[in-house]
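Letters A, B, ... mirror the listed sequences (proteins, then strands); counts begin at 1. For the numbers below, each heavy atom of this structure counts, side chains included, while hydrogens, waters and symmetry mates do not.
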Amino acid sequence: MIRVAAVGDIHMGPDSQGLLRPAFETLPECADLLLLAGDLTRHGTPEEARVVAQEVRGLPVPVVAVLGNHDHHDEQPEKVTGILQEAGVTVLEGEGTVVECGPVSVGIAGAKGFGGGFVGRSAGEFGEPLMKEFVRTTRRSADSLRGALEDVRARGCEVRVALTHFSPVADTLAGEPPEIYPFLGSYLLAEAIDTAGADLSVHGHAHAGTEHGMTAGGVRVRNVAQPVIRRAFNVYQLPTTD
Amino acid sequence: MSENAAPRPGDPGGGAENAEYRVAHLRDRLAAEELGELGVRAEVRAGAVVVTGTVPSAQCRETLLRTVHEELAGLAVHTDVVVAETASPDHAEDLS
């Protein structure tokens, strides 16, 4: 059994240093790894990223993250990524990583994702260049997620997790105004997950959403935005064959 | 027409005091200023503005409430804003 801890939308700033650290220090007792599902900062500034880095530095479990839209706001995502990496965090954008948990290889495929909406109510790649670019951005992100899931499968991972910030399904948005669903996620992410296969899909972004959902292909989806799970993180136990 | 008559539809200047636009401007301000807050909901309900959501720290909550009351001065405002909880979970979810 693999124990995956996950949280998103922790939105750290200078005033929040140390708020999550006491809970994170309990991770070795209850989890094999920690996933951070984006929106780790408020504005994506290096100062805020350093708060996050300090909060997770030296944890005895591997930490794997994707960035969220807030982490892009200051238009320095590479710098935010670098600061987190320096603290030992593996930051994914359209790629996979393998975490060895005893005899089990766990593959994490990560991409921020983007919006566009869900089947029957989604934006199309049509019309003005900005509109086409919006949808193409999501399509590229979904393609990279699919590729990352295929990559970790090829690397022999028994357990595979898709980590995004935006939601792949509408289920986990329940509680948000339906009018804003197209800004909260895209079915293209779910299609990528179902095409490549995964054991779990974890995302954040929808603070007023719902924790539990499922893709059309039957992959369980969990919205781990901190305001949704109302804890420092949640833990999901995934079965293995050993 | 008396001086106190409400502006008629189509008269200029009718937008500035409109509660719906003021709520929209509040949301813009919460996103743009120090909070960078997009996750709090503010909506007009039965003649009052209702502000709900979860913020990351007690200081964020103070800043948020101060901004709300500044931006919506003169309007009836109800708030239900909580600080995110930071405890460890007491159990795991079994996905077998």
Inset, instruction - Tell me, with the steps shown, if A:Arg42 and B:Cys60 meet side chain to side chain contact (heavy atoms under 4.5 Å, CB included). - result: CA-CA 11 Å; A:Arg42 296 174 194 164; B:Cys60 287; 3.4 Å; yes
Legend entry - Approximate separation, where rounding is to 0.5 Å, of A:Asn234 CG and B:His91 NE2: 7.0 Å
Inset, instruction - Could you tell me the separation between the CG atom of A:Asp199 and the OG atom of B:Ser96, rounded to the nearest 0.5 Å? - result: 12.0 Å
Inset, instruction - Say whether, by atom type as modelled, one donor and one acceptor occur between the side chain of A:His11 and the main chain of B:Val55 under 3.5 angstrom. - result: no
Inset, instruction - May I ask you to name which of A:Arg231, A:His70, A:Glu176 has the most heavy-atom pairs under 4.5 Å with chain B? - result: A:Arg231
Inset, instruction - Sort out for me which of A:Ala31, A:Ala5, A:Pro177, A:Gly13 touches chain B most, counting heavy-atom pairs under 4.5 Å. - result: A:Pro177
Closest approach of [X] to [Y] (non-hydrogen atoms, all atoms of both residues):
X       : Y       : value
B:Thr86 : A:Leu19 : CB-O, 3.6 Å
A:Ala23 : B:Ala87 : CB-C, 4.3 Å
B:Pro56 : A:Ile10 : CB-O, 3.9 Å

Counting only heavy atoms from other residues, nucleotides and ligands, does the tally under 6.0 Å from [atom1] of [X] exceed 12?
X        : atom1 : answer
B:Glu20  : CD    : no
B:Glu70  : CD    : yes
A:Arg230 : CZ    : no
A:Phe183 : CZ    : no

Inset, instruction - Tabulate, in ascending numerical order, the residues of residues 36-51 of chain B having at least one heavy atom closer than 4.5 Å to a heavy atom of chain A, or enter 'none'. - result: B:Gly36, B:Leu38, B:Gly39, B:Arg41
Legend entry - Structural part of A:Asn69 lying under 4.5 Å from a heavy atom of chain B: side chain
Inset, instruction - Name the region of A:Glu25, side chain, backbone, both or neither, that has any atom closer than 4.5 Å to a heavy atom of chain B. - result: neither
Inset, instruction - Among the options B:Leu95, B:Thr54, B:Leu35, pick out the one with the most heavy-atom pairs lying under 4.5 Å from chain A. - result: B:Leu95
Legend entry - Residues in residues 213-227 of chain A near chain B [non-hydrogen atoms, under 4.5 Å]: A:Arg220, A:Arg222, A:Gln226, A:Pro227
Inset, instruction - Evaluate side chain to side chain donor-acceptor pair (under 3.5 Å) for B:Ser57 paired with A:Ser16, printing each intermediate quantity in order. - result: CA-CA 6 Å; B:Ser57 71; A:Ser16 43; 5.9 Å; no
